[in-house]
> 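My questions all concern the structure below.
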Amino acid sequence: MREYPADWEALKAADPEVADAIANELQRERTNLRLIASENYASPAVLAALGSTMTDKYAEGYPGRRYYGGCEFVDVTEQLAIDRAKELFGAEHANVQPHAGAQANLAVFGAFLEPNDPDSKVLGMELAHGGHLTHGSPVNVSGMWFEFIGYRVDEDTEQLDMDEVEDLAKEHRPKIILAGYTAYPRAIDFAAFRTIADEVGALLWVDASHFIGLVAGGAYPSPVPHADVVTFTTHKALRGPRGAMIVCKEEHAKAIDKAVFPMMQGGPLEHVIAAKAVALKEAMQPAFRDYADRVVRDARALAAGLADEGLRVISGGTDSHLILADVRPVGTDGKAAEAVCDEVGIALNKNQIPYDPNPPSSPSGIRVGTPGPATLGMDEAEMGEVASIIGDVLKHPDDGSVKEKSGERVRDLMERFPLYP
Ligand code: DSN
């Protein structure tokens with residue numbers, strides 16, 4: 001009998017089309033430079049847990065309180081994930097079941113708000129300034145069912161304006177104040193958000209998806225001591241499986257647990273939860289602190305390099321894993337920049353910048369992030385090289401020889417820092 005039944009040879013024989021696509025994706029990951037700020041590389045141990053037979057198990061409920069028999073081993077892994085999340089983040093309570101960030105955020109609405117209730121207001125960052133789809137977009141349930149009021153970054157500093165947050169909080173008396181964004185490069189003053197929330201009697205919710213891995217590694221301020229509830233995905237800088245978690249104060253534990261199951265979800269994905277436990281254990285190791293430091297060091301070096309190439313770095317720099325840069329000074333836009341970088345094997349995304357005069361489909365900026373390169377071991381010197389390649393192709397998008405040379409430079413870099421060697 002096999003100890004571990006997942007079998008690559010069996011997949012190739014049973015379904016060569018799917019096996020080919022998976023192999024091609026691995027090859028793409030090995031040859032392309034990943035600068036998408038929200039992506040990373042899960043470890044072989046995390047991948048092994050994901051491919052385990054825990055995918056076969058139904059386990060509605062929580063450890064020790066399930067609706068199905070035979071949960072004794074998934075109880076072990078889910079409890080490990082809960083205990084590790086509480087220990088790593090210093091949290092009073094953890095729910096590790098959300099399938100994705102959107103479900104985790106939906107659970108916050110379920111726990112604390114009533115749909116279509118004029119008193120259920122949320123004060124969050126405007127989407128065009130870095131908020132997320134689930135932070136009140138009119139095409140998402142958050143915006144369809146709940147009333148969001150938006151704050152912006154300051155037009156001059158391009159950083160959070162806590163006076164504006166305070167003024168809006170006093171004017172609208174929201175039930176929840178939300179901090180945590182998808183395209184904000186700077187440190188967030190969570191204590192200041194707490195003070196404002198207390199002034200108006202609001203709950204403080206932080207969506208820490210982008211930076212929770214840096215928090216785990218001690219490279220970014222922790223929202224956990226300040227916030228009532230913190231939601232986050234597990235596959236970004238945290239480098240775990242695709243999924244999410246919620247940590248909160250003990251007083252909210254029952255409301256959050258009921259909102260995740262049975263309100264928002266049915267059976268938990270126990271193979272993913274096992275992989276979350278593995279990722280959390282990895283994040284508790286000293287090497288993870290080195291990685292988190294490297295992520296921020298790399299981002300600062302890449303920001304400096306892009307500025308040297310003539311791009312305008314939004315807010316003048318970064319304190320995190322991501323950089324938002326205005327590419328108009330080098331004569332292009334975000335859409336064209338994304339496309340030409342893709343041609344030479346660099347994956348990044350077009351992004352609106354604060355107060356962007358251009359639409360989301362062809363915005364003025366790009367967003368780049370360093371969790372991927374930092375996982376591969378790339379450091380400041382390599383970020384200088386990456387900035388130089390990006391500068392070259394953005395300034396010469398129609399020059400075949402520049403693109404050929406740039407593609408070679410990317411391939412050489414990826415060969416020097418092999419993925420899953
Ligand atoms: N798609 C993620 C990002 O790239 O920021 C957020 O969900």
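Here the structure is a predicted model, which is why all the values come from computation and not from measurement. Whatever order the structure lists ligands and atoms in, that order sets their numbers, starting from 1.
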> Tell me, yes or no, whether the heavy-atom count around Glu404 atom CD, taken from other residues, nucleotides or ligands under 6.0 Å, exceeds 12.
no
> Is NZ or CZ of Arg239 both nearer than 6.0 Å to the six-membered ring centre of Tyr291 and within 45° of the ring axis?
yes
> Who pairs with Asp83 by side chain to side chain donor-acceptor pair (under 3.5 Å), at least two apart in sequence or on another chain?
Gln79
> Which donor-acceptor pairs under 3.5 Å do side chains of residues 411-421 form with protein atoms, sequence neighbours excluded?
residue, atom, partner, partner atom, Å
Asp412, OD2, Arg416, NE, 3.3
Tyr420, OH, Ala42, O, 2.6

> Pairs of nitrogen or oxygen atoms, one from ligand 1 and one from the protein, closer than 3.5 Å: please tabulate them with distances.
residue, atom, partner, partner atom, Å
ligand 1, 4 (O), Ser38, OG, 2.7
ligand 1, 4 (O), Arg367, NH2, 2.8
ligand 1, 5 (O), His210, NE2, 2.7
ligand 1, 5 (O), Arg367, NH1, 2.9
ligand 1, 7 (O), His132, NE2, 2.8

> Please table the atom pairs, donor to acceptor, closer than 3.5 Å between any side-chain atom in residues 380-390 and protein atoms at least two apart or in another chain.
residue, atom, partner, partner atom, Å
Glu382, OE1, Asp379, N, 2.7
Glu385, OE2, Arg409, NE, 3.3
Ser388, OG, Arg409, NH2, 2.6

> Can you tell me if Glu87 has over 12 outside heavy atoms packed within less than 6.0 Å of its CD?
no
